[in-house]
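Whatever order the structure lists ligands and atoms in, that order sets their numbers, starting from 1. Just so you know, residue 1 is the first one in the sequence shown, and it goes up from there.
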Amino acid sequence: MTQDELKVMVGRAALDQVVPGSVVGVGTGSTVNCFIDALATMRERIIGAVSSSEKSSERLRAHSITVLDSNAIERIPVYIDGADEIDPRGHMIKGGGAALTREKIVADLADRFICIADVSKRVAVLGRFPLPVEVIPMAAAQISRRFVAMGGRPVLRAGVVTDNGGHLIDVHGLHITDPLTMESEINQWPGVVSVGIFARHRASLCLFGGPDGVETVSYATAS
Ligand code: 5RP
């Protein structure tokens, strides 16, 4: 099976996680695009979606799925999104598609984060994928210096402006053994909008698409 076929398979499998009659939290990326296409088949059975990016909103609307304002939502049962890496405890690196800040905002509204990914995203320790960090442009150099001091190699993602008007730094060479602590620390730095470590908002469940089908992995509730 090709990687694209695996994405289609997990995108469809994620429909089982959607709670009928609810608002669904929808992430961003190529795997989520497959989920959105599948979600269209049950659009009459959901109230609508809260989306984590302009791109996903556009695709949802193209399927006539109602996109709701996140400020009008108090709680949603599930948020369904992909990941760039996921460790054995459900901690993730996200932001390869530049949508990490809105992804964290929608994940924060959800009771459960359901990750959908092909098996290649599974890692023992986070950090092989460069860590995306959204920053206020005037803080980019100072934040980059802090990453160098931490042993990372920060690279500004050229020409990319996020949906929020932020810039992105991709940090190479990190070995993230304590994602919760690192997420909290980076969040304190002035000018950081959000860091692509999803430890506080880690996955409750991941559907992994592999050559033998979809494997469902649930993660313990304590960090
Ligand atoms: C976007 C993300 C995506 O979830 C992540 O990049 C995975 O994308 P894909 O499904 O295309 O591999 O975090 O900001």
Side-chain angles (χ1 to χ4, degrees), residues 1-15 17 24-39 49-60 70 78-87 90-108 110 112-123 126-135 155-157 159-172 174 176 179 183 186 192-210 214-215:
M1 245 187 253
T2 65
Q3 206 177 18
D4 284 347
E5 286 167 338
L6 297 180
K7 289 177 186 185
V8 170
M9 186 172 69
V10 285
R12 287 186 184 146
L15 290 185
Q17 303 300 325
V24 186
V26 174
T28 299
S30 55
T31 316
V32 165
N33 282 344
C34 299
F35 168 64
I36 294 173
D37 296 346
L39 189 63
V50 187
S51 161
S52 65
S53 64
E54 299 299 338
K55 273 191 189 151
S56 289
S57 297
E58 212 175 283
R59 198 171 186 104
L60 286 157
S70 56
V78 292
Y79 174 62
I80 298 178
D81 197 359
D84 298 304
E85 281 186 350
I86 180 162
D87 80 4
H91 303 134
M92 296 167 284
I93 284 185
K94 293 186 43 54
L100 63 158
T101 298
R102 294 190 186 195
E103 290 172 344
K104 225 175 242 191
I105 291 168
V106 185
D108 193 51
R112 299 172 76 222
F113 188 127
I114 312 291
C115 177
I116 51 175
D118 65 78
V119 280
S120 70
K121 306 293 182 71
R122 232 169 167 169
V123 296
L126 301 177
R128 195 179 53 205
F129 190 91
L131 176 66
V133 184
E134 181 168 353
V135 303
V155 177
L156 191 69
R157 207 181 292 183
V160 173
V161 177
T162 70
D163 286 349
N164 318 302
H167 285 181
L168 281 171
I169 297 172
D170 293 308
V171 188
H172 298 248
L174 296 176
I176 307 172
E183 181 181 20
I186 295 168
V192 168
V193 179
S194 53
V195 53
I197 299 174
F198 281 58
R200 286 176 182 276
H201 297 88
R202 72 201 172 99
S204 305
L205 192 82
C206 189
L207 307 180
F208 288 105
V214 177
E215 184 191 352

Leu126 CG to Leu131 CG distance, which is reported to the nearest 0.5 Å: 9.0 Å

Min N/O separation Val32 to ligand 1 under 3.5 Å: no

Distance-only N or O hit between ligand 1 and Gly29, under 3.5 Å: no

Atom 10 (O) of ligand 1 [closest protein heavy-atom partner, distance rounded to 0.1 Å]: Thr31 OG1, 2.5 Å

For atom 6 (O) of ligand 1, the protein heavy atom that lies nearest, with its residue and separation: Asp84 OD1, 2.6 Å

Structural part of Ala83 in contact with ligand 1, heavy atom criterion under 4.0 angstrom: backbone

For ligand 1, the portion of Ala98 having any non-hydrogen atom under 4.0 Å away: backbone

As an exercise, identify every atom of ligand 1 less than 4.0 angstrom from a heavy atom of [X].
X	answer
Lys94	2 (C), 3 (C), 4 (O), 13 (O)
Gly82	4 (O)
Glu103	1 (C), 2 (C), 13 (O), 14 (O)
Ala99	14 (O)

Backbone of Gly96 reached by a side-chain donor or acceptor of Asp84 within 3.5 Å: yes

Backbone N/O of Gly127 and side chain of Glu85: donor-acceptor pair under 3.5 Å: yes

Electrostatic pair Arg102:Glu54 at N-O distance under 4.0 angstrom: yes

Electrostatic pair Arg200:Asp108 at N-O distance under 4.0 angstrom: no

Test: Lys104 cationic atom under 6.0 Å from Phe198 six-membered ring centre, within 45° of axis: yes

Donor on one side chain, acceptor on other, Asp118 and Ser120, under 3.5 Å: yes

